[in-house]
Amino acid sequence: MSDIDRVKQMADDGHITQEEADQLIAVLRDVEAAEASLEAAGSAGSSASGTHASPSDGAGEADAAHARANEPATRQTAHETAYDTAREAAREAAREAREAARNAARDVRDATREAARDAARGARDAAKHAAREARDSTREASRFARETGREVRDAVAGLGRFEVGDIGERPDKAIAPAGTPWVIVEMIGGDLDVTVDEALEAPVTEGGPGNIEIERDAGDFRVKFMPERGNFIDRFLSTVRSGDLDIRIPPHFGLSVQATAGDVDLHGVRYLRGRLRAGDVSADVLEGVDFALMAGEFDATLDLKSGSHVLTIG
């Protein structure tokens, strides 16, 4: 069995790895190539010696014969030495490779742990910042709610003193011809914009934020513009912030407004009744009016027809 076969057998038996076997085989093949070169050189030297040696040089021939007799043993020793050297070199290379792999794995593990720690620190800092922002926002919202609530309570308390009963009986629907249909708008706060549309047979509403409900009330239509039906904060904010309610009505309808606060703009509306506690009212030409305004401005041209009409400004 040759040295290369023995190395292959050692790899098969598991004494060395396949990588070590490949390295040893490569070294052995290099050794064989070197031996072949040495042998070729030795053969050439022997031929040259045989050509120039004198017959009387018996001692030289004896030494040459002795060297040739010992050549197989010397060659075997060289093979074993080269094999041992190559195997040791292969093992050393494998040890270095394993050590390098362990070091690389350790570096990667350390880097991963450090990155995880940095990410955790960043997440904690971000959470703390968000919590602080949330607390500040909550405090600001609470302060705003308290202040706004106080203002609203004060305003409502003042508005509660607004009385219009001392002027006698109000005309109400009598400001318009008998049988006139009415759009009755009930709202807490917001801006109301009413426009006459010749193409309509019934009122059309849109707007927000808030809930808009419209229902038939005998021959009339009742429109309710109420706060959003959410939690307490939603309902509270909906009562104090401004909303928009747009209504289009047929030309023969009258308008009745019952509102706490807001601005009322009328375009083409002929008859107006109701009350507004605080806000501004503007209209084109009114042919009939029974309206009470506690605080604000009333801007309209009055072209009053037959009947009684009342306009009360607080």
_Apply the hydrophobic cluster definition, ILVMFWY joined by side-chain contacts under 4.5 Å directly or through others, and give me every member besides Tyr271._
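The other cluster members (ILVMFWY side chains, heavy atoms under 4.5 Å, direct or chained) are Ile175, Trp182, Ile184.
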List the atom of [X], the atom of [Y], and the distance in Å for their closest heavy-atom pair.
{"X": "Gly262", "Y": "Leu276", "result": "O-CD2, 3.5 Å"}
{"X": "Met187", "Y": "Asp191", "result": "CE-N, 4.2 Å"}
{"X": "Asp280", "Y": "Glu297", "result": "OD1-N, 3.0 Å"}
{"X": "Gly274", "Y": "Gln258", "result": "CA-NE2, 3.5 Å"}
{"X": "Pro250", "Y": "Ala202", "result": "CG-N, 3.6 Å"}

*Among all residues two or more places apart in sequence or in another chain, which pass the side chain to side chain contact (heavy atoms under 4.5 Å, CB included) test with Leu304?*
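With neighbours one apart ignored, the set is Val289, Leu302, His309.
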*For Glu92, which residues count as a side chain to side chain contact (heavy atoms under 4.5 Å, CB included) partner, sequence neighbours excluded?*
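Glu92 satisfies side chain to side chain contact (heavy atoms under 4.5 Å, CB included) with Arg95, Glu96 only.
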*Answer yes when Lys224 and Glu213 have at least one side-chain N-carboxylate O distance shorter than 4.0 Å, and no when they do not.*
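No.
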May I ask you to test the [X]-[Y] pair for a side-chain heavy-atom distance under 4.5 Å?
{"X": "Val183", "Y": "Val223", "result": "yes"}
{"X": "His267", "Y": "Val196", "result": "no"}
{"X": "Ile214", "Y": "Pro203", "result": "yes"}
{"X": "Asp246", "Y": "Thr205", "result": "no"}
{"X": "Thr180", "Y": "Lys173", "result": "no"}

_If hydrophobic clusters are built from ILVMFWY residues whose side chains come within less than 4.5 Å, do Val264 and Ile313 share one?_
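Linked, Val264 and Ile313 end up in one cluster.
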Between [atom1] of [X] and [atom2] of [Y], what distance do you get to the nearest 0.5 Å?
{"X": "Glu287", "Y": "Leu272", "atom1": "CD", "atom2": "CG", "value": "12.5 Å"}
{"X": "Leu286", "Y": "Arg270", "atom1": "CG", "atom2": "CZ", "value": "11.0 Å"}
{"X": "Ile247", "Y": "Phe221", "atom1": "CD1", "atom2": "CZ", "value": "12.0 Å"}
{"X": "Glu186", "Y": "Thr260", "atom1": "CD", "atom2": "OG1", "value": "10.5 Å"}
{"X": "Thr195", "Y": "Asp284", "atom1": "OG1", "atom2": "CG", "value": "9.0 Å"}

*Verify, without hydrogens or angle tests, whether Asp244 (side chain) and Gly207 (backbone) share a donor-acceptor contact under 3.5 angstrom.*
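Checked: no pair found.
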*Between Asp5 and Gln9: side-chain donor-acceptor atoms closer than 3.5 Å*: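 Side chains of Asp5 and Gln9: no pair found under 3.5 Å.
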*Heavy-atom count around Glu215 CD within 6.0 Å, excluding the residue itself: above 12?*
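Correct, the count exceeds 12.
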